[in-house]
Undergrad: 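This is the structure I want to talk about, given as structure tokens.
We're numbering straight along the sequence, starting at 1.
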Amino acid sequence: MKKYSEMLTTAVASVMALAMLAGCGETAATNSGSGADTNATAATEASAPADGAVFKIGAIGPLTGGAAAYGNAVCNAAELAVTEINANGGINGYQVEYSKEDDELNAEKSVNAYNTLKDWGMQMLVGSTTSACSIAVSEYTKADNMFQLTPSGSAEDCVKYDNVFRVCFSDPNQGIASAQYISDHNLATKVGIIYDSSDVYSNGIYQKFVEESEGKNYEIVSAEAFTQDNNTDFSVQLQKAKDAGADLVFLPIYYKDASLILTQANTMGYKPTFFGVDGLDGILTVDNFDASLAEGVMLLTPFAADAKDDLTVKFVTAYQDKYGEIPNQFAADAYDAVYIIKQAIEAKNLTPDMSTSDLCEAIKGAMTEIEAAGLTSSKMTWDASGEPNKEPKAVVIKDGAYVSAQ
């Protein structure tokens, strides 16, 4: 994947009580029907330039369905960042309007969501959340020359056009980093793999993991695929890993499928270490899943909600207060994404009266020049390929929470 910042040294302001948007397409800065705090609205109006111009940032993700934990995390965190930015004077003195759309994890619907946001007046896109949707939308942002920053679209082709950048690691980098981490920390002697051959995200990570595993201090003893047409019974894949003696099972897949795998492994008495990547972030929120079965699960991710640095503590506190849950890595990526856009706009002293295309050209240039610090890394840079340069981290699920593995 699965599918954000100025130097974030300024303390995050107390989040104004802007309630979560009630439905898709509502704006954080202007839609009083969303339950926005009247004080926040007053502050927005008081600091808005006389000409009334505003920057318009849109976000797209699966807000409903099986991947809703990703899309809601992205859209909520983007909203939180916009609210903070507006409360602190906006971008170059201009307020920011924000709107989100649901794509239901469907590429065609993601394109429809993009068109809806474009009709609304979107100038920059945070999205799409997942890889296939982000790739589909990029065909249209390229044609329109609109700047697109996907927080979590990790497939290689997500950034094939020069107007698209990403915050997260690419699929190949996740596969490579996972193999290196397992080897460097002596986590296994025999590794089994269960992956989704019908998914570009899972396939990309799987292939690079296998390549990078050559010569490592463990052996891949099984590699079994499934597709979204047969993702309810994993007994065959698990039995092959168990019979081969795999003491670690690598899961480059999404959390919903992983929850079934953990449940079925428990039923058959198989208790290897399970190791995943960012797609597993969200497994603790799956309906009717016994979260205790995820105890000890490890995943490679650039964000750990238990980190003690000031920025993470303030973000987690603000997110919990606003949305009633601990933010995951997707939320952190999206929060960083909005602040990265802010930093790029300020680096070039841009204004919202510029055309979408002119904004895109200027932001593209800024992205290769800025160095951003955020939740997912204290140092992020980009080159023209759109790929971020930053260090990975690993977390482990302990006592029902994600904690740093280091």
Undergrad: Tell me the salt bridge (charged side-chain N to carboxylate O under 4.0 Å, His left out) pairs involving residues 217-226, sequence neighbours left out?
TA: Glu224-Lys240
Undergrad: Just to verify, what does Ala225 make a side chain to side chain contact (heavy atoms under 4.5 Å, CB included) with, not counting sequence neighbours?
TA: Tyr195, Ser197
Undergrad: Do Gln148 and Ser134 get their side chains close enough for a donor-acceptor pair, meaning under 3.5 Å?
TA: yes
Undergrad: Lys398: which residues meet the side chain to side chain donor-acceptor pair (under 3.5 Å) condition with it, sequence neighbours left out?
TA: none
Undergrad: Going by the rule side chain to side chain donor-acceptor pair (under 3.5 Å), which residues pair with Asn186 if we only count those two or more places apart in sequence or in a different chain?
TA: Asn217
Undergrad: Return the set of residues passing salt bridge (charged side-chain N to carboxylate O under 4.0 Å, His left out) with Glu369 (not counting sequence neighbours), or none when no residue passes.
TA: Lys348
Undergrad: Could you work out, with side chain to side chain contact (heavy atoms under 4.5 Å, CB included) as the rule, every residue matching Asp383, not counting sequence neighbours?
TA: Ser385
Undergrad: Quick one: list whatever passes side chain to side chain contact (heavy atoms under 4.5 Å, CB included) with Thr232, sequence neighbours left out.
TA: none
Undergrad: ring-ring contact (aromatic ring centres under 6.0 Å, His included) with Phe274: which residues, sequence neighbours excluded?
TA: none
Undergrad: Holding to side chain to side chain donor-acceptor pair (under 3.5 Å), I want the full list of residues that pass it with Lys190, two or more places apart in sequence or in another chain.
TA: none
Undergrad: Who pairs with Ser292 by side chain to side chain contact (heavy atoms under 4.5 Å, CB included), at least two apart in sequence or on another chain?
TA: Asp290
Undergrad: Which pairs with one or both residues in residues 103-131 pass salt bridge (charged side-chain N to carboxylate O under 4.0 Å, His left out), sequence neighbours excluded?
TA: Glu104-Lys109, Lys118-Asp144
Undergrad: Looking at Asp199, Ile194, Asp233, Val236, which hits side chain to side chain contact (heavy atoms under 4.5 Å, CB included) with Phe226?
TA: Ile194
Undergrad: Taking only residues two or more places apart in sequence, or in another chain, which ones meet Asn163 in a side chain to side chain donor-acceptor pair (under 3.5 Å)?
TA: Thr141
